[in-house]
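Just follow the structure's listing: the first ligand is 1, and inside any ligand the first atom is 1. This structure is a prediction, so every number in the text was calculated from the model and none was measured. Counting from 1, the numbers follow the sequence of the chain as shown.
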Amino acid sequence: MSPGPAPQTIIVVGGGLAGLSASYAALRAGGAVRLLERAERPGGNSIKASSGINGAPTRFQRDQDTAFYSDTVRSAGARLAAEADASTTHFRRPEREALVATLTGASGKAIDFLVDEIGVDLSVVAQLGGHSFPRTHRGAGKLPPGAAIVTALLEKLKQDPKFELSTASEVKRLLTQISDAGSRKVTGVEFTSAGQTATLQGAVIFTTGGFAGDTWGLLQKHRPDLAGLPSTNDPRPGTHGLLEAVGAQLIDMDSVQIHPTGFVQPSDPDARVKFLAAEMLRGGGGILLHRGRRFVNEMETREHVSHVIMKLPPSSTAATAAEKEGSESLTQWDIQLLLDPGACEAAASHIGFYLWKGLLAKKKVKELDEATRESIREYSQVVAGTKPDALGRKVFGSWRLQGTEEDEELEVCIGRVTPITHFTMGGAAISSKGHVLAKSDEGASLKPIEGLWAAGEITGGLHGDNRLGGSSLLECVVFGRAAGAEAASYALGR
Ligand code: FAD
Ligand code: SIN
């Protein structure tokens, strides 16, 4: 069958930040967009994002920041450094470096776009683990960054008559044709809505997110060792199989991010889905304690901090409770997150919610156990510069306790945290412009699948072994916009 004329609609599958960014760019390029979203409301995991979006250099940063690329490469670790990749011989270091260069190189413009064109406040900048500069942007108000960006972008999209959003619409299959040359091209989707099955023709952008919430499906398949951990992600099935069915190359599927700090809610300690203790709490000055003692540089990468926690003995309560109920066991640790008054103030926009939910409690220093008080005294001396940190922490956020008698009457915020599955680094291999790449013969380079793009957490290869906090919202904007523009050009026959 010959390919025929390109259809003019751009079908975006998934209404998180990657899908919204792609939709916006496709509309700006002159296309008409139909966004299909499985849930009742758009937003996905993007709307939950709490620390912010990376960008460097930007007008909101104080420092001259030229290290975003090198920090990202370092964080990606062995997966990027290896010349040949274990999961595919085709997606190698140059391809991975090109993705990192695109992400970091376009990051300043992505912040400008959100601030100047979409009208989002991103004026507050924090430093998260694994970053050598503060570069994670959020607003000064109470609305968390994910919700602020998603809401503003949706508002803009809804003003465009060429944008149509269908919620409660789940894509089940990609439609394809085989060209005379024998290659496969994607021509549309099959989806269900209100119990009916329908098809839609058009260029397709896949932005369906990751599988950290697919505990008994893709997570168990690729990382069975992690199925006992709680998650920040709501339970939902991964969609990677739909891409694989049309020949997409999936890479790094076993690369799953464990975030070190999910809140253990005292009123529901065994909940499988937990609120995230945002990394900016540590960036703002928070410390981690096990039995009252610090045990890790809190500003290291998530991979490192989680690894150190998970080498400690887990708490046994959850497993016991699960056994009693006959349910699946849950593995958790008993780690305390503690913020002094300075760190609490720096995170004021978030703290009110955490206190209200009972995830954090306020206590006077004198009410804490002796081991914790001693750790506070020692750490305060480190922050004051009177002695080096044995654990290597060099940035202390807004911590201001002095380690003196006067501290005893001051209030800290304290809560229990545990490692949780948070993000999946693996997914569909893409080009720097978001084109989905097809499996190919041994030794050959990966070629784009005609008519199909992807962006956001569904894609793989960019973050390697560890994603830096704040880089997921960024990848949604950078690669979402690239995919939207490219798909529109294709759909409009340019
Ligand atoms: P999502 O936002 O998850 O959207 C995917 C959408 O696709 C969903 O709405 C889903 O319903 C839909 N969908 C799935 N399958 C189908 C189908 N078959 N048909 C139709 N629709 C479908 N990252 C940062 O950079 N900074 C942060 O501060 C930050 N904080 C976070 C806090 C939390 C609690 C969590 C969970 C994540 C956080 N992240 C953060 C990560 C980041 O939010 C996500 O990785 C990112 O937003 C994913 O965006 P996405 O558009 O790829 O997917
Ligand atoms: C967090 O706030 O700790 C999450 C940030 C992220 O996942 O990028």
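Heavy-atom proximity to Gly43, at under 4.0 Å, picks out these atoms of ligand 1: 2 (O). Close approach of ligand 1 to Thr239 is summarised as follows: ligand atoms under 4.0 Å from at least one heavy atom of the residue are 15 (N), 18 (N). Atom numbering of ligand 1 starts at 1 in the shown order; those under 4.0 Å from a heavy atom of Gly209 are 5 (C), 52 (O), 53 (O). When each atom of ligand 2 is checked for a heavy atom of Ala278 under 4.0 Å away, the hits are 1 (C), 2 (O), 3 (O). Near Glu170, meaning under 4.0 Å from one of its heavy atoms, ligand 1 places the atoms 18 (N), 19 (N). Atoms of ligand 1 found under 4.0 Å from any heavy atom of Val13 (numbered from 1 in listed order, with element): 19 (N), 20 (C).
Assignment of Ser169 to the shell around ligand 1 is supported, since a heavy atom sits closer than 4.0 Å. Proximity of Gly15 to ligand 1 is established by a heavy-atom distance of less than 4.0 Å. By the 4.0 Å heavy-atom criterion, Ala212 is excluded from the residues contacting ligand 1. For Gly52, the closest heavy-atom approach to ligand 1 falls below 4.0 Å. Proximity of Ile53 to ligand 1 is not established, as no heavy-atom distance is less than 4.0 Å. For the pair His137 and ligand 1, no heavy-atom separation below 4.0 Å is found.
When ring centroids are compared, His259 and Phe423 stay outside the 6.0 Å threshold. Aromatic pair Tyr490/Trp453: ring centres closer than 6.0 Å. Annotation: Phe275 is in aromatic contact with Phe353 [ring centroid separation under 6.0 Å].
Taking any N or O of Arg302, backbone or side chain, at least one lies under 3.5 Å from an N or O belonging to ligand 2. Ligand 2 has a nitrogen or oxygen under 3.5 angstrom from a nitrogen or oxygen of Arg467. Residue His422 places at least one N or O, backbone or side chain, under 3.5 Å from an N or O of ligand 2. For Gly470, a nitrogen or oxygen atom sits less than 3.5 Å from a nitrogen or oxygen atom of ligand 2, counting backbone and side chain alike.
Atoms CZ and CG, from Phe68 and Leu468 in turn, are 6.5 Å apart once rounded to the nearest 0.5 Å. Annotation: the span from Arg294 atom CZ to Leu391 atom CG amounts to 5.0 Å, rounded to 0.5 Å.
The proximity of Leu17 to ligand 1, defined as any non-hydrogen pair under 4.0 Å, is limited to the backbone. Heavy atoms from both the backbone and the side chain of Thr208 come within less than 4.0 Å of ligand 1. Contact annotation for Pro237 and ligand 1: no heavy atom of the residue comes within less than 4.0 Å of the ligand. Within the 4.0 Å heavy-atom criterion, the part of Arg467 lying near ligand 1 is the side chain and not the backbone. At a heavy-atom cutoff of 4.0 Å, ligand 1 is contacted by the side chain of Cys476 but not by its backbone. Residue-level proximity to ligand 1 for Phe275 is absent, since no heavy atom of it falls below 4.0 angstrom.
Heavy atoms from other residues, nucleotides or ligands lying under 6.0 Å from NE2 of His290 number more than 12. Shown here is Arg41, whose CZ atom has no more than 12 heavy atoms of other residues, nucleotides or ligands within 6.0 Å.
Heavy-atom proximity to atom 43 (O) of ligand 1, evaluated over Leu36, Leu474, Asn45, is greatest for Asn45. The heavy atom nearest to atom 34 (C) of ligand 1, out of those in Glu279, Lys48, Gln257, is found in Lys48. Nearest-residue assignment for atom 38 (C) of ligand 1 (options Lys274, Arg236, His422, Arg38; heavy-atom criterion): His422. With distances taken over non-hydrogen atoms, the option nearest atom 1 (C) of ligand 2 out of Leu276, Leu281, Leu474 is Leu276. Closest to atom 27 (C) of ligand 1 by heavy atom, among Ala22, Ala454, Gly19, Ala49, is Ala49. With Ser193, Ser231, Ser51 as candidates, the residue nearest to atom 28 (O) of ligand 1 on a non-hydrogen basis is Ser51. The heavy atom nearest to atom 23 (N) of ligand 1, out of those in Gly469, Ala277, Ser472, Ala278, is found in Ser472.
One finds a salt bridge joining Asp254 and Arg79 here, because a Lys/Arg side-chain nitrogen approaches an Asp/Glu carboxylate oxygen to under 4.0 Å.
The two residues Ala212 and Ser231 come nearest to each other via the heavy atoms O-OG, 3.4 Å.
Within the 3.5 Å criterion, the main-chain N or O of Lys433 finds a donor-acceptor partner in the side chain of Ser431. Side chain of Asp252 to main chain of Met425: no donor-acceptor pair is present (N/O by atom type, distance under 3.5 Å, no hydrogens or angles).
Among all non-hydrogen protein atoms, the one lying nearest atom 7 (O) of ligand 1 is Gly14 CA, 3.2 Å.
A cation-pi contact, defined as under 6.0 Å to the ring centre and within 45° of the axis, is absent between Arg481 and Phe479. For the pair Arg416 and Phe263, the cation-pi criterion (under 6.0 Å, within 45° of the ring axis) is not fulfilled.
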